[in-house]
Amino acid sequence: MSSYFTDLAQQYIDGEWRPGTGSWDIIDFNPYDDEKLASITIATVDEVDQAYRAAARAQKEWAATNPYARRAVFEKALRLVEEREEEIAEAIVAELGGTRLKAAFELHLAKEFLRESVHLALAPEGRIIPSPVDGKENRVYREPVGVVGVISPFNFPFLLSLKSVAPALALGNGVVLKPHQNTPIVGGSLVAKILEDAGLPAGLLNVVITDIAEIGDAFIEHPIPKVISFTGSDQVGRHVATVCASLFKRAVLELGGNSALVVLDDADVDYAVDAAVFSRYVHQGQVCMAANRILVDRAVADEFTEKFVAKVRTLKAGDPRDPETVIGPVINARQADALTGVVEQALAEGATALVHGARRDNLVEPSVVTGLPAGSALLRQEVFGPVAFLVPFDGEEEAVRLVNDTPYGLSGAVHTGDVERGVRFAKRIDTGMFHVNDGTVHDEPIVPFGGEKHSGVGRLNGDTMLDAFTTTKWISVQHGRSGFPF
């Protein structure tokens, strides 16, 4: 077992590694074999307060630091991730039940986002804007917001913690990070350790490992953070947004999805099958961008279904440490129970399981379901696991209607032999992201990432990080004298 689970099973507050003072422990389990990885005494409301105050104290000096010096921290952090890649991958496999393939995928993206953070340190630029008033000079400065609270999820915890933490720090802010209870090391302590070793000044990044049962809304209600960056479910995101709005905080919300992969009548069916299988089953389907629904034109539905089912049957489910494993465990028993319930509900509604995967503890094998009634609630909700719904349609108009018939609007994809037909189709879909002749699961460091409808508010990546984690200040200078009416 990685030493991370013994060395980093603590809170990280004001540059110190120390136990929490709560009355109970979070137990960190391997979701595949239930091995106990770590026991972490939770942080209390008082420790959340200490973390935010440490970040606020450290942030002023950090914001005044030459951005080239700030940049050096992230250059070193990138080198450390590269040097420790195998050990980090082992931790991802153990704590998340991620496969070797998934760990490599997450680490590749984490390194790309660290590279972008190196550039972000130098990105803020001021402007001088003309004035209708003679002699007036309007300067617009871009400044850090101050302190950012980050709440990260369990599915890609290393990547999705770094994705907000590193840019916020690079832009001159302090940060307090609360990782998901199921991934406290990979999503929390490990991020802090890498940045500490990279030379980040003490107090700037703090990690509190805790639970809302202990702290309630203290993390988001605290008066110090000006921005809360939350990645998780739309139900919790709605609550975060409500609390933030009532306190005049900015909320950046990356929420769930119910993405569709659409196969038009002129698609390359074999290629579409490959894209659809990856888009549904990568990391056991525990991906916000995963293709919950696979919509196929009836003209190619029989061929697609036969080939899709055949490929799904080849996916090996089992021990994520085995390089041959494609489907590892879901994160916990609650998720496994929910997925079993989804398939049972679909069958009760009259659907057919073309593949009906068995469940062994947290290991849920792939299922493929067809024939769901058009009004089924299952087609409109997010299913966070290896269950695919195949839905036939007649022509593009029906496909557009079906894709949009969900409260979510995160990602999606369309397959067609005519790229411009695909682009026209994509423009009609109410999503923040859509891909032509590819999968639904994509994230790139300089392309705006985010959703519409219940899938979120705001964007991350590239220039949008400036909108998320900085603010603008107008300072005018009057050269000469103004005239006043009284």
Side-chain angles (χ1 to χ4, degrees), residues 26 28 31 42-43 45 48 51-52 96 148-165 168 175-184 186-188 207-222 225-259 283 285-290 292 330-339 341-342 377 380-385 406-411 432 449-460 468:
I26 285 175
D28 191 12
I42 62 167
V45 171
V48 170
Y52 274 127
L96 284 66
V148 176
V150 177
I151 304 172
S152 64
F154 67 78
N155 57 341
F156 280 76
F158 188 64
L159 168 66
L160 295 178
S161 291
L162 273 174
K163 185 174 175 177
S164 285
V165 167
V175 175
V176 179
L177 167 64
K178 189 188 92 62
H180 194 278
Q181 302 90 298
N182 288 123
T183 51
V186 173
V207 175
V208 289
I209 297 168
T210 188
D211 189 287
I212 58 170
E214 175 71 23
I215 66 167
D217 284 339
F219 190 89
I220 52 179
E221 286 181 340
H222 196 282
K226 298 298 186 289
V227 174
I228 301 293
S229 179
F230 171 82
T231 305
S233 71
D234 61 306
Q235 294 94 333
V236 179
R238 183 190 298 273
H239 179 70
V240 171
T242 301
V243 173
C244 286
S246 71
L247 297 170
F248 301 99
K249 296 178 187 285
R250 187 187 307 170
V252 180
L253 306 174
E254 299 292 341
L255 309 178
N258 181 20
S259 299
H283 191 40
Q286 298 175 122
V287 182
C288 57
M289 297 169 280
N292 277 12
V330 295
I331 193 67
N332 55 37
R334 185 172 62 85
Q335 290 289 115
D337 290 342
L339 291 163
V342 163
R380 304 181 74 248
Q381 70 186 50
E382 181 176 43
V383 177
F384 217 59
T406 175
Y408 299 95
L410 187 59
S411 185
F449 181 101
E452 298 294 327
K453 300 191 285 189
H454 291 196
S455 288
V457 176
R459 296 291 186 267
L460 292 177

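Computation of the quantities below employed the complete heavy-atom set of this structure, encompassing side-chain atoms and omitting hydrogens, waters and symmetry-equivalent molecules. Residues: numbered from 1 along the sequence shown.
Closest approach of Ile228 to Cys244, counting heavy atoms only: CG1-SG, 3.7 Å. The minimum heavy-atom distance linking Ser152 with Pro179 is given by the pair OG-CA, 3.5 Å. Across Asn182 and Phe154, no two heavy atoms sit closer than the pair CB-CB, 4.4 Å. Closest approach of Val148 and Ala168 over heavy atoms only: CG2-CB, 4.1 Å. Of all non-hydrogen atoms in Gly188 and Val207, the two that sit nearest each other are O-CG2, 3.7 Å. Scanning all heavy atoms of the two residues, the minimum distance from Ile331 to Pro31 falls at O-CB, 3.4 Å.
Contact of the Val176 side chain with the Val48 side chain is not registered, since no non-hydrogen atoms from C-beta on lie closer than 4.5 Å. Using a 4.5 Å heavy-atom cutoff, the side chains of Pro225 and Lys249 are in contact. Residues Ile220 and Ile151 are in side-chain contact: their nearest non-hydrogen atoms beyond the backbone lie under 4.5 Å apart. Counting heavy atoms from C-beta on, the side chains of Lys163 and Phe156 never come closer than 4.5 Å. Using a 4.5 Å cut-off on side-chain heavy atoms (C-beta onward), Asn155 and Leu160 make contact.
Here Thr210 contributes atom OG1 and Gln181 contributes atom CD; the two are 8.0 Å apart, rounded to the nearest 0.5 Å. Here the CD atom belonging to Glu254 is positioned 7.5 Å from the CG atom belonging to Leu410, to the nearest 0.5 angstrom. Between the CD atom of Gln286 and the CG atom of Leu96 there is a distance of 8.0 Å, given to the nearest 0.5 Å. Expressed to the nearest 0.5 Å, how far NE2 of His180 lies from CG of Asp211 amounts to 9.0 Å. The distance from atom CG of Leu460 to atom OG1 of Thr231, rounded to the nearest 0.5 Å, is 7.0 Å. In this structure, CG in Asn292 is found 4.5 Å from CG in Asn258, a value given to the nearest 0.5 Å.
Residue Arg380 places its CZ atom among more than 12 non-hydrogen atoms of other residues, nucleotides or ligands, all under 6.0 Å distant.
Judged by distance alone, with hydrogens and angles left aside, the side-chain atoms of Ser233 form a donor-acceptor pair with the main-chain N or O of Val236 at under 3.5 Å. Remark: side-chain polar atoms of Glu382 are paired, donor with acceptor, to backbone N or O of Gly257 under 3.5 angstrom. Looking at Arg250, its side chain never comes within 3.5 Å of a backbone N or O of Ala245 through a donor-acceptor pair. No donor-acceptor pair closer than 3.5 Å links the side chain of Asp234 to the backbone N or O of Gly237. Judged by distance alone, with hydrogens and angles left aside, the side-chain atoms of Ser455 form a donor-acceptor pair with the main-chain N or O of Gly256 at under 3.5 Å. Between the side chain of Lys178 and the main chain of Gly149, no donor-acceptor pair closer than 3.5 Å is present. A donor-acceptor distance shorter than 3.5 angstrom exists from the side chain of Ser161 to the backbone of Gly187, with no hydrogens or angles considered.
Under the ring pair (Phe, Tyr, Trp, His ring centres under 6.0 Å) criterion, Phe230 pairs with no residue at all, not counting sequence neighbours. Ala290 is linked by a side chain to side chain contact (heavy atoms under 4.5 Å, CB included) to Arg280, Val287, counting only residues two or more places apart in sequence or in another chain. By the side chain to side chain contact (heavy atoms under 4.5 Å, CB included) test, Ala336 is found to be paired with Val330, Arg359, Asn362, Val364, residues two or more places apart in sequence or in another chain being considered.
Ring pair Tyr408/His454 is perpendicular by interplanar angle, where above 60° counts as perpendicular and below 30° as parallel.
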- prompt: After noting the C-alpha distance and the side-chain angles of His239 and Asp217, does the key distance pass the side chain to side chain contact (heavy atoms under 4.5 Å, CB included) rule?
  reply: CA-CA 10 Å; His239 179 70; Asp217 284 339; 2.9 Å; yes
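With 3.5 Å as the limit, one finds no donor-acceptor pair spanning the side chains of Ser411 and Ser259.
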